[in-house]
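Remarks on the structure that follows.
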Amino acid sequence: MRSMDGLRKPYWWALDYAYAGVWQLRSFLPGPSPARFRGGEGTPVVILPGVYESWKFMLPLVRELNAEGHPVHVVPGLRRNRASVVEGARMVGSYLDEHELAGVALVAHSKGGLIAKHLLVFGDAAPRVATVVALSTPFAGSRYASYMLNRTLRALAPANATMVSLARAVEANAKIVSIFPRFDPHIPEGSLLVGAKNVEVPTAGHFRVLGDALARAEVLRSTA
C-alpha cells in the first residue's frame with residue numbers, strides 16, 4: 001500500500017495545487033462580506049487561514065459552520081496571514097477581547113493553527129478559547145521551510161525559536177483537535193500532536209483537506 005502511495009504522490013501534489021490555485025483565485029474575486037456570517041446562536045467560531053491565504057480561502061467551511069448555527073468571525077488584521085505567528089496571535093487575542101467573545105472555537109488551517117496554539121499558550125485572551133480545530137497544521141514545523149528564501153515561510157522551520165517554544169508547550173494540546181490527511185506534501189513531519197485529539201482522514205493534500213467531507217464533518221463535531 002505504501003509503495004502504491006509513493007507512485008501516486010506526484011498526482012496528489014498536482015491535485016493539491018490545483019485546489020489551492022482555484023481557491024486563491026476565488027479569494028481575489030468579489031465575494032460576501034464577513035459580517036454576513038456573524039449571525040447564529042451556536043458556539044462562536046473564529047476563522048484563522050494559513051500563510052498567504054485570506055479568510056475566503058476557507059469560505060466553504062465558513063458557510064457550512066454558519067449554516068449549522070455558528071456565528072463565524074474573521075480577524076481583519078490577518079489579511080493574508082503574512083505576519084509572524086506571535087503578531088497573528090496578538091491580533092486574534094485583541095479581536096476576542098474587543099468583541100467580548102467567550103467559549104470560542106478557533107478553526108484554523110496550516111499556519112493559522114500555530115497562531116491558535118500560541119494564543120492558548122501565551123495569550124491573555126486564552127481563557128476565551130474553548131477549543132482549537134486545526135487542519136494540516138505543522139505543529140512540529142516543516143523541514144522544507146528551512147530552505148525557503150522568504151522570511152514568512154522560513155519562520156515555519158522546526159528550529160525557529162517560536163516553533164521550538166510551541167512544541168515544548170504540550171499542556172495546551174488537550175484543547176486542540178488536529179485534523180490531517182494521509183499525505184501532506186508540505187509537512188513531511190506530519191500534524192500528529194501528542195495530547196491532542198488526532199484525526200487522520202483518508203485524503204491527500206495540504207489544501208485539499210479543507211474540501212474533504214470527513215474532515216469537515218469532524219470540524220462540525222468539534223465545534224458543536
Are the side chain of K117 and the backbone N or O of A169 linked by a donor-acceptor pair below 3.5 Å?
-> yes
Please check if the side chain of N66 supplies one atom and the backbone of G39 the other of a donor-acceptor pair under 3.5 Å.
-> yes
Counting only heavy atoms not in R154, do more than 12 sit closer than 6.0 Å to its CZ atom?
-> yes
Within the distance-only criterion (no hydrogens, no angle test), does the side chain of S110 pair as donor or acceptor with the backbone N or O of T137 below 3.5 angstrom?
-> no
is_close_aromatic(H186, Y17), centroid dist under 6.0 Å = yes
For A215 and D212, work out which heavy atoms get closest and say how close.
-> N-OD2, 2.9 Å
K56 side chain to S27 main-chain N or O, any donor-acceptor pair under 3.5 Å?
-> yes
Donor-acceptor contact present, side-chain D184 to main-chain G190, <3.5 Å | no
Is the shortest side-chain N to carboxylate O distance from R143 to E189 below 4.0 Å?
-> yes
Under 3.5 Å donor-acceptor, N81 side chain and E53 backbone | no
Are the side chain of R128 and the backbone of L101 linked by a donor-acceptor contact shorter than 3.5 Å?
-> yes
Anything under 30° is parallel, anything over 60° is perpendicular, the rest tilted; go ahead and classify H73 against Y95.
-> perpendicular
